[in-house]
Amino acid sequence: MGCSASLISVNIVQNIFKSTRDRNAVVVTSESLSLGWYNGNDKSMILANCLFRTGGCVMVLTNKPALKSRAMLELKQLVRTHHGSRDESYGCCIQKEDENGLAGFHLGKNLPKAATRAFADNLKQIAPKILPATELLRFAAALLFRKLSGGSAARPVINFKKGVEHFCLHTGGKAVIDGIAENLGLSEDDVEPARMTLHRFGNTSASSLWYVLAYMAAKGRLKKGDRVFMISFGAGFKCNSCLWKVLRDLDGRNNVWEDSIHTYPRTNLNNPFLEKYGWIHNEDSGQFHLPDDYEIPD
């Protein structure tokens, strides 16, 4: 399930609740680096060692009417998109062994293409479920006009802000956040929670969405009646999204951001390690070698 496991788990609980009443469910998501750590030299598999950080969260879900007054969010819609039947999508992010038999996660160069395709298909399904009819009609009219004009008109962009107040984005990396922002026409204020979470906690895989949501709560952004659009990506290749409705004002007290929220947002998000060691990218890799008498320790 990878980085999209949170929403898959929520969907499983959602389906269970359809057939049972007055139940509680606990969903635990985490990223444990030790299980997937790669000790080889394949660059496509070393990347995963640098990309992820350890983290986790726990969610309590319920369908008990008596607990509605204590609930924070209500799930309104959830859509899952899985392109596992396409070889390109399936193989762009997969655990395998290298030529020396060392296991690790391979991240292929075609991953952005697979993610874009899954993202587009997911939006096609969830947009009619969460956007008002007026916005859907406007978009349809713009598409028709572009077709009648022979494609000379600008490509229309659907405005998700007509049905959403907050965007909770997967912190897969700067490129992921930038790509979603560009495709959805989001402002820097919209993607601030994702950028700050990536800076503070890194990519914690399936649990990253809840770190982003916690940032919104700690900043006092989540008010009663607001709608939160969650988007996640994962191996498979998968894109999952859902819409939550905020049931009460959330102040974010005692959450994971409590000790550092006052220092965010930050204007300088430069990577200090890249500034210090980035020079190595400009060097000739052929000059780096181990002495002939060097022995790798056990």
Side-chain angles (χ1 to χ4, degrees), residues 1-18 25-31 51-52 55-61 73-86 88-95 105 107 111-131 158 160 163-164 166-173 175-181 183-184 186 190-191 193-194 197-198 203-214 216 227-246:
M1 294 186 289
C3 298
S4 61
S6 274
L7 297 191
I8 294 175
S9 301
V10 170
N11 185 229
I12 291 173
V13 173
Q14 180 187 32
N15 291 332
I16 293 174
F17 282 174
K18 290 179 181 179
V26 176
V27 174
V28 181
T29 61
S30 66
E31 170 62 23
L51 185 62
F52 296 102
C57 67
V58 178
M59 298 149 280
V60 178
L61 307 177
L73 305 166
E74 179 183 3
L75 181 63
K76 306 300 290 185
Q77 297 289 343
L78 192 151
V79 171
R80 292 167 53 184
T81 301
H82 188 187
H83 285 176
S85 60
R86 301 183 179 183
E88 184 180 42
S89 297
Y90 179 79
C92 71
C93 180
I94 189 172
Q95 186 178 28
F105 284 96
L107 301 176
L111 193 152
K113 180 180 178 180
T116 300
R117 186 187 296 117
F119 184 42
D121 286 352
N122 186 272
L123 292 182
K124 289 178 183 178
Q125 294 183 56
I126 199 168
K129 301 176 184 290
I130 66 176
L131 293 178
I158 197 164
F160 276 85
V164 177
H166 309 285
F167 295 84
C168 187
L169 311 180
H170 172 56
T171 58
V176 173
I177 298 172
D178 290 345
I180 297 176
N183 281 279
L184 297 185
L186 305 183
D190 294 324
V191 299
T197 300
L198 180 63
N203 180 357
T204 57
S205 189
S207 61
S208 64
L209 287 173
W210 309 102
Y211 284 81
V212 178
L213 189 70
M216 298 178 186
R227 292 154 296 183
V228 182
F229 187 28
M230 275 188 174
I231 303 172
S232 69
F233 299 91
F237 194 87
K238 295 184 285 290
C239 176
N240 303 319
S241 64
C242 69
L243 185 74
W244 297 93
K245 180 180 178 181
V246 182

(message) So, taking the atom named OG in S241 and the one named CZ in F233, what distance separates them when rounded to the nearest 0.5 Å?
(response) 9.0 Å
(request) I would like to know whether V58 and V26 meet side-chain contact (heavy atoms from CB on, under 4.5 Å); could you show each step before the answer? (result) CA-CA 7 Å; V58 178; V26 176; 3.6 Å; yes
(request) For the pair S30 and S207, evaluate side-chain contact (heavy atoms from CB on, under 4.5 Å) and give the outcome as yes or no after the intermediate values. (result) CA-CA 6 Å; S30 66; S207 61; 5.7 Å; no
(message) Checking side chain to side chain contact (heavy atoms under 4.5 Å, CB included) between V191 and each of L186, I180, L184, which is the one that passes?
(response) L186
(message) Can you tell me how far apart CD1 (I231) and NE2 (H170) are? Round to the nearest 0.5 Å.
(response) 11.5 Å
(message) Distance check, rounded to the nearest 0.5 Å: I130 atom CD1 versus Q77 atom CD?
(response) 8.0 Å
(request) List for me each residue that meets salt bridge (charged side-chain N to carboxylate O under 4.0 Å, His left out) alongside E88, sequence neighbours excluded, and say none if there are none. (result) K113, R117
(message) Could you report the tightest heavy-atom contact between L198 and G173, atom names first, then the distance?
(response) CD2-C, 3.7 Å
(request) Could you please spell out the steps behind the side chain to side chain donor-acceptor pair (under 3.5 Å) verdict for H83 and D121? (result) CA-CA 10 Å; H83 285 176; D121 286 352; 2.9 Å; yes
(request) Evaluate the side chain to side chain donor-acceptor pair (under 3.5 Å) criterion for residues S6 and S9: first the C-alpha distance (whole Å), next the side-chain angles of each, then the deciding distance (0.1 Å), finally the verdict. (result) CA-CA 5 Å; S6 274; S9 301; over 6 Å; no
(request) Give the intermediate values and the outcome of side-chain contact (heavy atoms from CB on, under 4.5 Å) for residues F17 and L61. (result) CA-CA 10 Å; F17 282 174; L61 307 177; 4.2 Å; yes
(message) Can you tell me how far apart OG1 (T171) and CD1 (I177) are? Round to the nearest 0.5 Å.
(response) 6.5 Å
(request) Check the side chains of N203 and S208 for a donor-acceptor pair under 3.5 angstrom, ignoring hydrogens and angles. (result) no
(request) Measure across G163 and L131 and return the closest heavy-atom pair with its distance rounded to 0.1 Å. (result) N-CD2, 3.8 Å
(message) Measuring centre to centre across the rings, with the benzene-like ring taken for any Trp, is F237 within less than 6.0 Å of Y90?
(response) no
(request) With sequence neighbours left out, write down each residue that passes salt bridge (charged side-chain N to carboxylate O under 4.0 Å, His left out) with K245, or none if nothing qualifies. (result) none
(request) Output the distance between atom CG (L7) and atom OG1 (T29), rounded to the nearest 0.5 Å. (result) 9.5 Å
(request) Over all heavy atoms of both residues, which pair between V27 and V13 is shortest? Give the atoms and the distance, please. (result) CG2-CG2, 3.8 Å
(message) Within the structure provided, determine whether C57 and M59 are in side-chain contact (heavy-atom separation under 4.5 Å).
(response) yes
(request) Measure the shortest side-chain to side-chain distance between V10 and L78 over non-hydrogen atoms and say whether it is less than 4.5 angstrom. (result) yes
(message) Give me the atom names and distance for the closest heavy-atom approach of L169 to L209.
(response) C-CD2, 3.8 Å
(request) Keeping the roles fixed (side chain from Y211, backbone from G56), state whether a donor-acceptor pair exists under 3.5 Å. (result) yes
(request) Would you check, one step at a time, whether the test side-chain contact (heavy atoms from CB on, under 4.5 Å) holds for L123 with F160? (result) CA-CA 10 Å; L123 292 182; F160 276 85; 3.8 Å; yes
(message) Rounded at 0.5 Å granularity, tell me how far CD1 in I126 sits from CZ in R80.
(response) 13.0 Å
(message) If I compare all heavy atoms of F167 with all of M216, which pair ends up nearest, and what's the gap?
(response) O-CE, 3.1 Å
(request) Please answer whether the main-chain N or O of A235 pairs with a side-chain N or O of K238 as donor and acceptor at a distance below 3.5 Å. (result) yes
(message) Could you report the tightest heavy-atom contact between W244 and K76, atom names first, then the distance?
(response) C-CG, 4.5 Å
